[in-house]
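Take a look at the structure set out below.
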Amino acid sequence: MNQDDLANIAAQTKQGDSRYDHVIKVCVAAGCLSANADQVKTQLESEVKQRGLETCCKVKGVGCMGLCAAGPLVAADANEKMFQNVTPADATAILDSVVDNKPAPAAIVMDSQLDFFTQQKKIVLENSGEIDPERIEDYIAADGYEALFHVITKLKPLGVIEQITKSGLRGRGGAGFPTGLKWTTVHKAAGTQKYVICNADEGDPGAFMDRSVLESDPHRVLEGMAIAGYAVGANKGFIYCRAEYPLAVKRLRVAIRQAESSGLLGNNIGDTHFDFKIEIRLGAGAFVCGEETALIASIEGGRGTPRPRPPFPAQSGLWNAPTLINNVETFANIAPIIRRGGEWYASIGTEKSKGTKVFALAGRVNNTGLIEVPMGMTLRDIIFKLGGGIPEGRKFKAVQSGGPSGGCVPEQFLDIPVDYDSLASVGSIMGSGGMIVMDETSCMVDVAKFFMDFCMSESCGKCVPCRVGTTQMHNILERISEGRAETHDLDLLKRLTGMVKEASLCGLGQTAPNPTLTTLRYFMDEYRAHIEEGRCPAGICHPVKAEAEVGV
Amino acid sequence: MTKAKNPKARVATVWLDGCSGCHMSLLDIDERIILLEEKIDLVYSPLVDAKDFPENVDVTLVEGSISSVEDLHKIKLIRKNTRVLIALGDCAVTGNIPSMRTVFPLSEVMDRVYDENADINKQLPTKIVPALLERVMPLHEVVDVDVFIPGCPPSADNIFLAVSELLEGRVPNLTQTTRFGA
Amino acid sequence: MNKPGVEICTLIIENRECGGRSDQTILEVAEEYGIFIPTLCRLSGLSNIGACRMCLVEVKGSNKLMPACVTKVQEGMEVTVNSPKLAEYRKTVLELLFSERNHICSVCVTNGHCDLQALAQKLGVNHIPMPYIHPHLMVDASHPRFLADHNRCILCTRCVRVCSEVEGAHTWDLMGRGTTVKVITDLKRPWGESESCTGCGKCVQVCPTGALSEKGQAAGEMLKRRQFLPYLSMMREVGR
């Protein structure tokens, strides 16, 4: 395939779609599928057939539309008409509305002008909810693989890296390392064999950004990886995806097969000398395998445990070769940056955090789902405008960003801009993009205990501070929530948080104390109530002040 | 007798859940006991005839772990009435051998001892014998401890050193002379 | 015998000017200069994994603590081995290890010859401030000559490494996550039924505690013999 073929496919696909008066899009990402979106789609298709509308009305499955709370979602006519909580029985009403312009029942009509939709800025998710993730033609029609062709035919590797550096893109996996710098390091590293790895081992509780991207727009990630491969000098890529994402894996497999048979992956891509192949490796669900050195160990076939850095994977990674590891969302940003230029990307966001960020809104918020917003939007706007506020008029208490590695941000900081540095300044992290909202019915001791329990169970057990430290901290938090703790337990807890944070081998242990540290900092009164008064202010825990455990 | 009239330090020793080996080791200070006698009043001990733990004790050496309801009540009273509390020996410092039963559910331990392994009168004790705790604990898990003397048992030299230092008003440092299991 | 790309560096460890090769670790250079850095999972002659965190040191200019056993020296490095913070963290590591399993020193076959016990004494650990976890663990006595007592294992993986790297049998490995991690033989078969175990006993000799021991020993009787290790490792290097 060459650039002309690509343009032909794009034109043909666009033309094919323009034949229809109405395109009805049904979300077939995992969230809506679990609410029977596939049956909705089948029903719509047979209804279209029954009415003999096949020539003017097309039903297609698309990726995530974002507002998962209201799924299954259906959209038509460039999203002017949107439907929520749809069941197969609603197919008639939807067609009546779309084709005959009859008003649909209020229960399924969704306001497409909600802040949730209008306040977003979509780069990573630009195709999500628009294209059929299982058709490469749809991706190509949306300018897909154009950036790859541009890169391999017109740019030198360093020219690619220059654009990425200019864009100011930082790693979207959580730590926020400048992507351009990482690419430069791998590019410069000595070695004939280099690798590109896409980290799709998303494991934070409540986070599903990467899953959604892979399910909704898998080609975008493949294209990003291929461009990265060209830039750093790698001819082989691995996607390390957790096996708990079967739909994402299936769509990736389909996408890789399509890209290979179209000559967009494999040898001599676009009739150049650039070869790039991608393989999928499945993770067995260990959270720690999201840590890059543990991930590499797992791909190599070993036990998924991290090793001390340096050497960093950029110097010595997979099978000791220089290896570029980026997260799904990072790779998903690459093609648009190349298409529209690094400067365009750098014009979005804040001074030190450029571009947009995808967040998974979860917890006690009205509009749970997936959003993409420019860096620098305030937490308040995200939660109250896009998120639609707290259900049932309850009071906001805190938002947990960054999953088990992040912190709980209290109300007083709701007006900070969401970027890497501001979140870090209040004790949290950007993380991969999970955002769990908590209201007055959430107990912060319980929240801290939940995340510590997670880290304790997911610790690989290699280094002592993480393995035993998280267990001891969890036990203290459990004693506090059960009303069995004394004031000196708090001192021990504080001592352990500091030690585990500084002495642990990898990021899992180093960040495991964050939820506890921030709740200690901002919600000390709740800890005191449990310990001193035997009372849980939120009514979640049932602390009982007892003398001691007495048996027999 | 008030403290002002008697310049001797009021010292107590207590035997909780332990094998009495630490008390044996205490007696192994041999003739040095005469030196101590000049400086202390032994106000409570398995070695003397006091029935109740007295008030205003300057130094208490506690052997054994906290294993029963009675131990729990005792250690709290001891802490209340003692200025310097010494955890004497591994049982008091770590739980040691008594704590090895903690890994089993208490009911299994009781059945094993009073039923499976009993030759006659198989029955669980209900009177007089204090109820056991689920968890055997070192002293510092229940009360604040001022000085730790690990060892099983700590040597007579270490015990003598610790007490002598305290009588001189110094906090003994025994880390280089004794250890867990010594 | 300098390898290509290896340079001589001068650095400062604990206020002393030291010289080393750029392929040496901070720990190796410190040892040559008689500067003590406590270690536990490390054993000379085996690969270094930086897992126990005893040898953490401060390196000027870095906000992270570095494990001396795997961190290579660099020109101009300034290393602090002893600081109040490092002392506290090392003590905490030992305290956590003692709290994790059922180390009852008084009745251990290695009492008096145990690396964990000796280090605790050296660093002044005289009680464990956190509650003991008291896990219910088994003793594997299936091997005719050796015992594996998981109550005393600190998961340093010296056994795993010596078996894989020196003996070449790779009988030992790890299973599980978090505090449920255990060393296992042959995909968790009883040691006595292991088909890969050669019965060489190297694992027993390198084990820092009483977790692996020879049968028939009473408390305090198990002395570990490790003289073979540097020799075998050297032979292995020469053979390459």
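Only heavy atoms go into these numbers, but all of them, side chains included; no hydrogens, no water, no symmetry mates. Per chain, numbering begins at 1; letters A, B, ... match sequence-line order.
For the pair C/Cys105 and B/Arg179, the minimum side-chain heavy-atom distance is 4.5 Å or more. B/Phe180 is listed as a side-chain neighbour of C/Val125, based on a closest heavy-atom distance under 4.5 Å. Residues B/Ile97 and C/Ile104 are in side-chain contact: their nearest non-hydrogen atoms beyond the backbone lie under 4.5 Å apart. Proximity of C/Val107 to B/Met100: side-chain heavy atoms (C-beta onward) are separated by under 4.5 Å at one or more points.
A distance of 11.0 Å separates OG1 in B/Thr94 from CG in C/Asn102, rounded to the nearest 0.5 Å.
Within a 6.0 Å sphere centred on CD of C/Gln217, heavy atoms belonging to other residues, nucleotides or ligands number more than 12. Other residues, nucleotides and ligands place no more than 12 heavy atoms under 6.0 Å from the NZ atom of C/Lys64. Counted within 6.0 Å of CG on B/Asn117, heavy atoms from surrounding residues, nucleotides or ligands total more than 12; the atom is thus considered enclosed. Annotation: B/Lys80, atom NZ; neighbour count of heavy atoms from other residues, nucleotides and ligands within 6.0 Å does not exceed 12. Within a 6.0 Å sphere centred on CG of B/Asp144, other residues, nucleotides and ligands contribute 12 heavy atoms or fewer.
When all heavy atoms of C/Gln117 and B/Gly181 are compared, the closest pair comes out as NE2-CA, 4.2 Å. Smallest separation of non-hydrogen atoms from B/Asp90 and C/Ser106: OD2-CB, 4.4 Å. The shortest heavy-atom contact between B/Thr175 and C/Gln121 is O-CG, 3.0 Å.
Ring geometry for B/Phe148 versus C/His127: interplanar angle under 30°, hence parallel rather than tilted (30 to 60°).
Neither the backbone nor the side chain of B/Val145 has a heavy atom closer than 4.5 Å to any heavy atom of chain C. Interface residue B/Glu141: only side-chain heavy atoms are found under 4.5 Å from chain C. With a threshold of 4.5 angstrom between heavy atoms, B/Thr178 approaches chain C through N, CA, C or O but not through any side-chain atom.
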